[in-house]
Engineer: 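The structure that follows is given in the form of structure tokens.
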2 protein chains.
Amino acid sequence: MSMNYAFKALSDPTRRKILDLLREKDMTAGEIADHFQMTKPSISHHLSLLKQAQMVYDERKGQNIYYSLNTTVFQDLLKWVIQFH
Amino acid sequence: MSMNYAFKALSDPTRRKILDLLREKDMTAGEIADHFQMTKPSISHHLSLLKQAQMVYDERKGQNIYYSLNTTVFQDLLKWVIQFH
DNA sequence: CCGATATTTAGATAAATTCCTAAATATCTA
DNA sequence: TAGATATTTAGGAATTTATCTAAATATCGG
């Protein structure tokens with residue numbers, strides 16, 4: 001089930017911060033990387049895990065690849081958390 | 001912030017299953033362990049991480065230690081997830 | 001086509017995580 | 001108090017994760 005990847009993805013603070021950034025607006029991989037003291041390959045790796053977890057979309061526009069939130073898994077997460085409320 | 005421990009705790013499927021069990025009823029460490037093909041020390045370790053994340057309470061009653069859900073962190077999680085909804 | 005820019009992929013390493021066995025601790029009961 | 005039961009703590013091995021540098025891929029502009 002895809003929730004497993006989502007929970008794994010959420011366990012890292014860098015990835016949660018990336019999601020927070022994307023909540024504000026869609027961003028390119030480079031723009032995202034500029035918010036961290038970490039190399040671009042490392043951020044690229046985190047983005048790939050978020051994509052694997054179906055928490056972000058990626059779309060190439062020319063030289064850039066834009067990342068945006070994919071909210072479908074968040075709905076599943078919401079249902080999961082509500083059970084404990 | 002305690003959310004960090006909570007997200008870490010949730011990243012493991014065994015720990016999520018423990019939480020699901022405790023949703024039904026409070027259970028002793030031994031009862032919980034009976035639901036897994038894993039040694040009791042391993043389950044004990046998972047329980048300790050859940051406690052560190054403030055997702056469960058533990059209370060000794062005689063020889064047994066009962067575990068139960070602590071829902072306060074789940075409320076924070078709910079708020080966090082809702083932001084992405 | 002070439003050089004520059006944006007991003008990912010590959011490969012390596014250090015740190016963190018999961019799980020085990022053995023030993024320690026706490027409680028109960030005879 | 002001694003033995004049995006419940007649970008945790010300690011220590012170690014195997015796996016996974018996070019990060020880096022170097023190299024590869026894709027696109028753009030001249």
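From a predicted model like this one, the values you see are computed outputs, not experimental measurements. Side-chain atoms are counted along with the backbone in the values below, which use heavy atoms only and exclude waters and symmetry mates.
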Engineer: Measuring from A:Leu10:CG to A:Leu19:CG, what's the distance to the nearest 0.5 Å?
Structural biologist: 6.5 Å
Engineer: Scan residues 56-69 of chain A against DNA chain C and write down, sorted by residue number, each residue with any heavy atom closer than 4.0 Å; if none is found, say none.
Structural biologist: A:Gln63, A:Asn64, A:Ile65, A:Tyr67
Engineer: Return the set of residues passing side chain to side chain donor-acceptor pair (under 3.5 Å) with B:Lys51 (not counting sequence neighbours), or none when no residue passes.
Structural biologist: B:Asp58
Engineer: Does anyone know the first and last nucleotide of DNA chain C in reach of chain B, 5' to 3', at under 4.0 angstrom to a heavy atom?
Structural biologist: C:dT17 to C:dC28
Engineer: With B:Gln75, which residues qualify under side chain to side chain contact (heavy atoms under 4.5 Å, CB included), at least two apart?
Structural biologist: A:His85, B:Thr71
Engineer: Which ones in residues 6-25 of chain A lie close to DNA chain C, meaning a heavy atom under 4.0 Å from one of its atoms?
Structural biologist: none
Engineer: With sequence neighbours left out, write down each residue that passes salt bridge (charged side-chain N to carboxylate O under 4.0 Å, His left out) with B:Asp26, or none if nothing qualifies.
Structural biologist: none
Engineer: Hey, does B:Pro13 have a side-chain heavy atom less than 4.5 Å from the side chain of A:Asn4?
Structural biologist: yes
Engineer: Strictly below 4.0 Å, heavy-atom distances to any atom of DNA chain C: list the hits from residues 40-55 of chain A, or just say none.
Structural biologist: A:Lys40, A:Pro41, A:Ser44
Engineer: Listed by chain and number, what are the salt bridge (charged side-chain N to carboxylate O under 4.0 Å, His left out) partners of B:Asp34, not counting sequence neighbours?
Structural biologist: none
Engineer: Partners of A:Lys25 by salt bridge (charged side-chain N to carboxylate O under 4.0 Å, His left out), sequence neighbours excluded?
Structural biologist: A:Glu31
Engineer: Report yes or no: is the cationic atom of A:Arg23 (NZ for Lys, CZ for Arg) closer than 6.0 Å to the six-membered ring centre of B:Phe84, at no more than 45° off its axis?
Structural biologist: yes
Engineer: With A:Thr72, which residues qualify under side chain to side chain donor-acceptor pair (under 3.5 Å), at least two apart?
Structural biologist: A:Asn70
Engineer: Under 3.5 Å, which donor-acceptor pairs link side chains of residues 37-46 of chain A to any protein atom two or more places apart or in another chain?
Structural biologist:
unit_1: A:Thr39; atom_1: OG1; unit_2: A:Ser42; atom_2: N; d: 3.4
unit_1: A:Thr39; atom_1: OG1; unit_2: A:Ser42; atom_2: OG; d: 3.0
unit_1: A:His46; atom_1: ND1; unit_2: A:Arg15; atom_2: NH1; d: 3.0

Engineer: Excluding sequence neighbours, so at least two apart, what forms ring pair (Phe, Tyr, Trp, His ring centres under 6.0 Å) with A:Phe7?
Structural biologist: A:Trp80
Engineer: Taking all heavy atoms of A:Gln83 and all of B:Asp20, pick out the closest pair and write down the distance.
Structural biologist: OE1-OD1, 4.3 Å
